[in-house]
Undergrad: 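First, the structure itself, so that you have it in front of you.
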Amino acid sequence: MASRFNPTKADAHWQTVWEDGGTFRASDESGRPKSYVLEMFPYPSGRIHMGHVRNYTMGDVLARYRRMKGFEVLHPMGWDAFGMPAENAAMERKVHPGEWTRANIATMKAQLKRLGFALDWSRELATCEPDYYGHEQALFVDLFEAGLVYRKESEVNWDPVDMTVLANEQVIDGRGWRSGALVERRKLSQWFLKITDFAEELLDGLATLDQWPDKVRLMQENWIGKSRGMKFRFALDAPERGAISEIEVYTTRPDTIFGASFVAVSPDHPLAQAYAANSEEVAAFIARCKQGGTTAAELETAEKLGLEIAEAVHPLDPDWTLPVFIANFVLMDYGTGAIFGVPAHDQRDFEFATKYGLEIQRVVAASADQADKPLGGEAESGDGVMVNSRFLDGKDTETAKAAVIARAEAEGWGEGSVVWRLRDWGVSRQRYWGTPIPIVHCAGCGAVAVPKDQLPVILPEDIDFETPGNPLERHPTWKHVACPSCGGAAVRETDTLDTFVDSSWYFIRFASQPGDRPFDPKVAASWLPVNQYIGGVEHAILHLLYARFWTRALKHIGMIDLAEPFQGLFTQGMVTHRTYKDTDGNWLLPEEAEAAKAAGRQVEAGRVEKMSKSKRNTVDPEPIVDQYGADAVRWFMLSDSPPERDLEWSEAGIEGAWKFVNRLWRISEASEAAEGEDKTLDRKLHQTIAAIGTNIEALAFNKAVANIYELANAIEKAPPSASRATSVATMMRLVAPMVPHVAEEAWAAAGHAGLVADAAWPEADPALLIEDEVTIAIQVNGKLKDTIRAAKGAAKEEIEAMAVANAAVQRTLAGAAPRKVIVVPDRLVNIVA
RNA sequence: GCCCCUGUGGCGGAAUUGGUAGACGCGCUCGACUCAAAAUCGAGUUCCGCAAGGAGUGCCCGUUCGACUCGGGCCAGGGGCACCA
């Protein structure tokens, strides 16, 4: 009566049962301990891809496991629904971005449902709807009023043909990715969030995130980029030129102050600008510095350029003057926009000094007697002993740094200082499909926040993409409003918010979504922080940093009592697939490659790479679900590859997963009631229960899968017994988080009441985790010779005697007496010959 | 350039605090069932060797009774940042 598992029927049936029963709805009022499991919400690009399937399967296993462990689990889903692809689609296909986005959401939601994820759909949200972004506007207004939002001029990449601002990644070889026009740098007035106010906190907070990958914490640490050094001032020797009489520089190497041979300022530095105002030559030089691309490759090879404009006085020697240059390699937005050059100990300064014939004086050496050792054609940036440095001579680098800072502070020309790499977050986007920035510009009152009772500021629907530029800007009526403050004629801000703002607080809205405000602090706090957050490593810096900042900003204004938004973070690997090309070098879809091979044409198999449309190596999950059912796809996503590494999609892999789903079904069907206990199987079962729990909690799904295989092997080998029947029933609970449909089907077929999804996770019996007999390895000089079985906890002497008497040992010793015998109880004996 | 991660059979990968390397899966080989195939089941599968035995976790050194695991130095692949003073 063996039957095949029918996923088409079973999947639909159980999905309906779960949905109708509200099985996965999270209750705010629950008395059970709460657990919040979240995967990064998707952008509704059109269809679900394998990366989504892998991401959401992992989260689903954890969510279902925690439910069975007795937690009230919040596992929601929503849509990161604003963004450029919708506008691109609007331009290409003449559909409204909203229409396109909402259709994609409907498609993808249906696709997700077919995978049987244990999601609370009642909390679904889409960031493009006013009932989400309206609350975001309210939060923005709160931050604005708290002084965490400000406006400043900032350079953007401007595409003169599309009349739009481009993100850095949309500039390819200095040209707009769509128009191909040469990109200009333009200054626009833009809104910024004061993330730098929280730099120290964001850095310190990383130390508390012990459930985050070290890699991500390190990336954030580097991104925040705390640097300790000294700011100090050079007096200018030509004070008559402009009002500026000194230059402040920043350095991390105050110890090298006597190795200085020049001072350099950025072309954007006020001093450079002041000189440019009076000099054609300087103005022309600055213009030249600004030419050229900003790509990494161009900067790499860019020649160092300098123009000498003045002289500065060394702060430690009034008779020592240094040339002041405008130099193209000095950045205005790091430190003070000015440096002092120490060519012997900084490679950039070395190149600059070499080009302009400036002095290169060693001030750091490996030892005091190497003060005159010539440099080997490049700067030496390491630590050492100070030489040629007057009062610093003989001091080590760290002592010298402290000595210089102490002297500068005592004499008042400088002070120890911390500089951050982190910049404030520019959130203005000159686009339509985003959250309107709730600000009104009034000639009399300036920038005025839209009062909360006038929120949301809703995006107009009647827009056109026929002409380039921001449709909000040229909409006939939308931007014209009365000033909320004085009532006079005013205009709305037509920029929209960076979509990273939308994703900076959606996890709070999932936890609590009242209609009249962004969230209820009490309810939100009852769920937060997110206990386990799962997503791609590509969000390691920006999204995660912005969400951490946003949380702190809300805490700062007293809206939420939460230190960190994400307690545990897991970054999963990508789903990859082999690429194929035909003989003309065109990428082929996997099925095209198959067809071509079948037709006898030559196909070149390329590298295994991340699934991408451009390489045509994608596999659409939906037909796979049609063919094998949700469980096989889920099982494959969890098998073999560790979740943090890439997973290669393969036909063989999904076939294997499908076979296992059927094997589970056969095992459950063939289970018959029988008498008698099977101690070996009992042990295996309880060891498996313990191991799977540990592995799921560690998100080591590949190991949990291996545990299940081992148990299945043991069950199939075991003769009928009461233990065997128990093992089969228990196994259905153990696999339920991973392959929930077949588990429900088998659970119901076995006559259990209720859903396996609601069943309690089995408890491992500690007594059964311990073996009473162990295998002990017998080594000679660390090389394995034999193994023996012995009672657990057997006396050392007894084991040692057995080992020495062992035939293989005797053969190896060849009559010689052992020099030493090491016995590790219950593990091994090593005989040193 | 700076910072970080990874390297184990034909393949994906296992291996508490150093203690039997290769669990589990894929693939492959042989066998059973079948007219045949699929599905399923059984046996085997790191390498060399008929065997006894030996070698083996990117390479070289070291610590240790014992090293995939710890230390030093290389090599290869991947990632992050980057004219950041």
Undergrad: Give every pair of a protein N or O atom and an N or O atom of nucleotides 15-21 of chain B that lie under 3.5 Å apart, one pair per line with the distance.
TA:
from   : atom 1 : to      : atom 2 : distance (Å)
A15(B) : OP1    : K703(A) : NZ     : 2.8
G19(B) : O2'    : R827(A) : NH1    : 3.4

Undergrad: Give me the distance, rounded to whole Å, that separates G79(B) from G71(B) when you measure between the P atoms they each carry.
TA: 26 Å
Undergrad: Using atom P of each nucleotide, how far apart are U69(B) and U17(B) to the nearest Å?
TA: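 Those two atoms are separated by 14 Å.
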Undergrad: Under 6.0 Å between the ring centres of F258(A) and H314(A)?
TA: yes
Undergrad: Could you walk me through whether Y356(A) and F325(A) pass the ring-ring contact (aromatic ring centres under 6.0 Å, His included) test, one step at a time?
TA: CA-CA 11 Å; Y356(A) 290 98; F325(A) 287 86; 5.7 Å; yes
Undergrad: Might you point out which heavy atoms bring F340(A) and A260(A) nearest each other, and give the distance in Å?
TA: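 Nearest heavy atoms, F340(A) then A260(A): CD1-CB, 3.4 Å.
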Undergrad: If you measure from the C1' atom in C59(B) to the same atom in G42(B), how many Å do you get, rounded?
TA: 42 Å
Undergrad: One pair to check against salt bridge (Lys or Arg N to Asp or Glu O under 4.0 Å): K355(A) and E303(A). What are the steps and the verdict?
TA: CA-CA 10 Å; K355(A) 177 166 177 184; E303(A) 198 185 353; 2.6 Å; yes
Undergrad: If you check every side-chain atom of R666(A), which of U40(B), A85(B), C24(B) has the closest atom?
TA: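 So the side chain of R666(A) is nearest to U40(B).
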Undergrad: Taking all non-hydrogen atoms of both residues into account, name the closest pair between Q361(A) and A344(A) and its distance.
TA: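 Looks like O-CB, 3.3 Å.
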Undergrad: Identify, between I541(A) and E644(A), the residue whose nearest nucleotide on RNA chain B lies closer to the 5' end.
TA: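 It is E644(A) whose nearest nucleotide is closer to the 5' end.
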Undergrad: Looking at D255(A) and K401(A), does any basic side-chain N land under 4.0 Å from a carboxylate oxygen?
TA: no
Undergrad: Going by heavy atoms closer than 4.0 Å, what residues in residues 416-424 of chain A are next to RNA chain B?
TA: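 Here the set is R421(A), R423(A).
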Undergrad: Rounding to an integer number of angstrom, what distance separates A38(B) and C33(B) when you compare their C1' atoms?
TA: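 Their C1' atoms lie roughly 12 Å apart.
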Undergrad: Which value, in whole Å, describes the distance between the C1' atoms of nucleotides G49(B) and G56(B)?
TA: 15 Å
Undergrad: For A14(B), take OP1 and OP2 only and decide whether either is under 4.0 Å from a side-chain N or O of N702(A).
TA: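 Answer yes for this pair, as a side-chain N or O of N702(A) is under 4.0 Å from OP1 or OP2.
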Undergrad: Please tell me whether Q572(A) and R645(A) have a donor and an acceptor in their side chains that are separated by less than 3.5 angstrom.
TA: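 No pair is found: no donor N or O on one side chain lies under 3.5 Å from an acceptor on the other.
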Undergrad: How far, in whole Å, is A55(B) from G22(B) if one measures between their C1' atoms?
TA: 15 Å
Undergrad: Classify the ring geometry of W649(A) against F636(A): parallel below 30°, tilted from 30° to 60°, perpendicular beyond 60°.
TA: perpendicular
Undergrad: Determine the interatomic distance between C1' on G12(B) and the same-named atom on G7(B); round to the nearest Å.
TA: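 The answer is 15 Å between these two C1' atoms.
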Undergrad: Return the minimal non-hydrogen interatomic distance between T397(A) and M386(A), and the atom names on each side.
TA: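 Shortest heavy-atom separation between T397(A) and M386(A) comes out as CA-SD, 4.4 Å.
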Undergrad: If a protein heavy atom is under 4.0 Å from the base, mark B; if only from the sugar-phosphate, S; if neither, -; do that for nucleotides 3-12 of chain B going 5' to 3'.
TA: SS-------B
Undergrad: Restricting to non-hydrogen atoms, name the atom on V265(A) and the atom on A338(A) that form the minimum distance, rounded to 0.1 Å.
TA: CG1-CB, 3.8 Å
Undergrad: What is the per-nucleotide protein-contact pattern of nucleotides 50-64 of chain B, from the 5' end, where B denotes a base atom under 4.0 Å from a protein heavy atom, S denotes such proximity for sugar-phosphate atoms only, and - denotes neither?
TA: --SSS----------
Undergrad: Counting the atoms with a prime plus P, OP1 and OP2 as sugar-phosphate, which does V249(A) contact under 4.0 Å by heavy atoms, base, sugar-phosphate, or nothing?
TA: nothing
Undergrad: Side-chain N or O of Y709(A) less than 4.0 angstrom from OP1 or OP2 on G25(B)?
TA: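 False: Y709(A) side-chain N/O out of range (4.0 Å or more) of G25(B) OP1/OP2.
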Undergrad: Between N781(A) and E716(A), which residue's closest nucleotide on RNA chain B lies nearer the 5′ terminus?
TA: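 On the 5' side of the pair lies E716(A).
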Undergrad: State, with a plain yes or no, whether a side-chain heavy atom of W223(A) is found less than 4.5 Å away from one of L202(A).
TA: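 Side-chain contact under 4.5 Å: no.
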Undergrad: When the C1' atoms of C24(B) and A14(B) are compared, how many Å lie between them, rounded to an integer?
TA: 7 Å
Undergrad: For residues N702(A) and D640(A), is any side-chain donor paired with an opposing acceptor at under 3.5 Å?
TA: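 Per modelled atom types, N702(A) and D640(A) side chains form no pair under 3.5 Å.
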Undergrad: Stem ranges for RNA chain B, with three or more consecutive Watson-Crick or G-U pairs under 3.5 Å?
TA: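 Stem segments, range with range: B:1-7 with B:75-81, B:10-12 with B:24-26, B:27-32 with B:40-45, B:46-48 with B:53-55, B:58-62 with B:70-74.
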Undergrad: Sequence neighbours left out, cut at 3.5 Å: what donor-acceptor pairs do the side chains of residues 769-783 of chain A make with other protein atoms?
TA:
from    : atom 1 : to      : atom 2 : distance (Å)
E771(A) : OE2    : Q687(A) : NE2    : 3.1
D772(A) : OD2    : R683(A) : NH2    : 3.3
E773(A) : OE1    : R789(A) : NE     : 3.4
E773(A) : OE1    : R789(A) : NH2    : 3.1
T775(A) : OG1    : R789(A) : NH1    : 2.6
N781(A) : OD1    : A833(A) : N      : 3.0

Undergrad: Heavy atoms under 4.0 Å, any strand shown: does D786(A) hit a base, just sugar-phosphate, or nothing?
TA: nothing
Undergrad: Which pair of heavy atoms, one from T336(A) and one from V249(A), lies closest together, and at what distance?
TA: OG1-CA, 3.3 Å
Undergrad: Is the charged tip of K304(A) near the ring of F352(A): under 6.0 Å from the six-membered ring centre and within 45° of its axis?
TA: no
Undergrad: Work out which heavy atom in M58(A) is nearest to a heavy atom in P643(A); give both atom names and the distance.
TA: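 Nearest heavy atoms, M58(A) then P643(A): CE-CB, 3.4 Å.
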Undergrad: Of all the nucleotides listed (C65(B), C83(B), A39(B)), which has the minimum atom distance to the side chain of K820(A)?
TA: C65(B)
